[in-house]
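In what follows, chains are A, B, ... by sequence order, proteins preceding strands, each numbered from 1. Note: hydrogens, waters and symmetry copies are ignored here, and every other heavy atom, side chains too, is used.
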There are 2 protein chains.
Amino acid sequence: MLKELDPLLHSQLRLGVMSILMSVESAEFTFLKEKTSSTAGNLSVQLDKLSEAGYILVEKSFNGKKPLTTCSITKKGTKAFEEYVNALKDYIKK
Amino acid sequence: MLKELDPLLHSQLRLGVMSILMSVESAEFTFLKEKTSSTAGNLSVQLDKLSEAGYILVEKSFNGKKPLTTCSITKKGTKAFEEYVNALKDYIKK
DNA sequence: ATAATTTGGTTTATAATATAAACCAGTTTA
DNA sequence: TAAACTGGTTTATATTATAAACCAAATTAT
């Protein structure tokens, strides 16, 4: 029987964000936007969802005079990502 | 840069169906329904989509007097699945 | 015999999700 | 000082997933 795939992670953009955040200590909004080839609007919405779920931490500050949004993965997010990958393996193993 | 994930395959139910069909020669509707824990309605819709994309072959016959829907993966479907898994690997490798 | 239930689905309506377009405040550039 | 750019957010729309309603035929129960 196939396991459920965490719907919050089973989304191309959110998974991409989480994937990146798994491998760096933190990442800026613009960096995530570029790496995931997403629009700012879409990214903003999806970061909110991940943040509300407690999967990531979103910090808003200023870089001189420009707004700066920095994201990092939480412990809960790391765990969720690992469980997702585990569940997914059943789907993609041949 | 992260690759695009085939939206037709990046769906829990459709991916589950494809995953099963990758490992068997063919599977009946009721078998797929059970293995994926899906409702008949949802499964019916998703099989249509996979079929319209040419990823699976859906054959309707009769088992005695009962309708029997049998599905199998096509060459195109196999290729798409493999490409999806490949693209996905970039997302889930740590 | 006929009414209720089950099987094996399909169709249609609704809820959830993703995405894009419009917008905004502040900054820089022409 | 007006136009364009940066770094976003909000809102509207398109897409997708899901559930509910439905259907025909077969089976079971009364």
message: Quick test of your reading: applying salt bridge (charged side-chain N to carboxylate O under 4.0 Å, His left out), list the pairs with at least one residue in residues 66-80 of chain A, sequence neighbours left out, ordered by first then second residue.
response: A:Lys79-A:Glu83
message: Give me each pair satisfying salt bridge (charged side-chain N to carboxylate O under 4.0 Å, His left out) with a member in residues 39-65 of chain A, each pair once, sequence neighbours excluded.
response: none
message: Using a 4.0 Å heavy-atom cut-off to protein, can you give one letter per nucleotide of nucleotides 4-21 of chain C, 5' to 3': B if the base is in contact, S if only the sugar-phosphate is, - if neither?
response: ---SSBBBB-----SBSB
Grab the [atom1]-[atom2] distance between [X] and [N] for me, whole Å please.
{"X": "B:Leu9", "N": "D:dT16", "atom1": "CG", "atom2": "C1'", "answer": "15 Å"}
{"X": "B:Glu52", "N": "D:dT15", "atom1": "CD", "atom2": "P", "answer": "15 Å"}
{"X": "A:Leu32", "N": "D:dG8", "atom1": "CG", "atom2": "P", "answer": "10 Å"}

- line: Hits for side-chain contact (heavy atoms from CB on, under 4.5 Å) against B:Thr39, two or more places apart or cross-chain, chain-then-number order -> B:Asn42
Show which side-chain atoms of residues 30-37 of chain B pair as donor or acceptor with protein atoms under 3.5 Å away, not counting sequence neighbours.
residue, atom, partner, partner atom, Å
B:Thr36, OG1, B:Leu32, O, 2.6
B:Thr36, OG1, B:Ser38, OG, 3.0

- request: Quick one: which residue pairs count as a side-chain hydrogen bond (donor to acceptor under 3.5 Å, both in side chains) with a foot in residues 1-16 of chain B, not counting sequence neighbours?
  value: A:Tyr91-B:Gln12, B:Lys3-B:Asp90, B:Asp6-B:Tyr55, B:His10-B:Tyr84, B:Arg14-B:Gln46
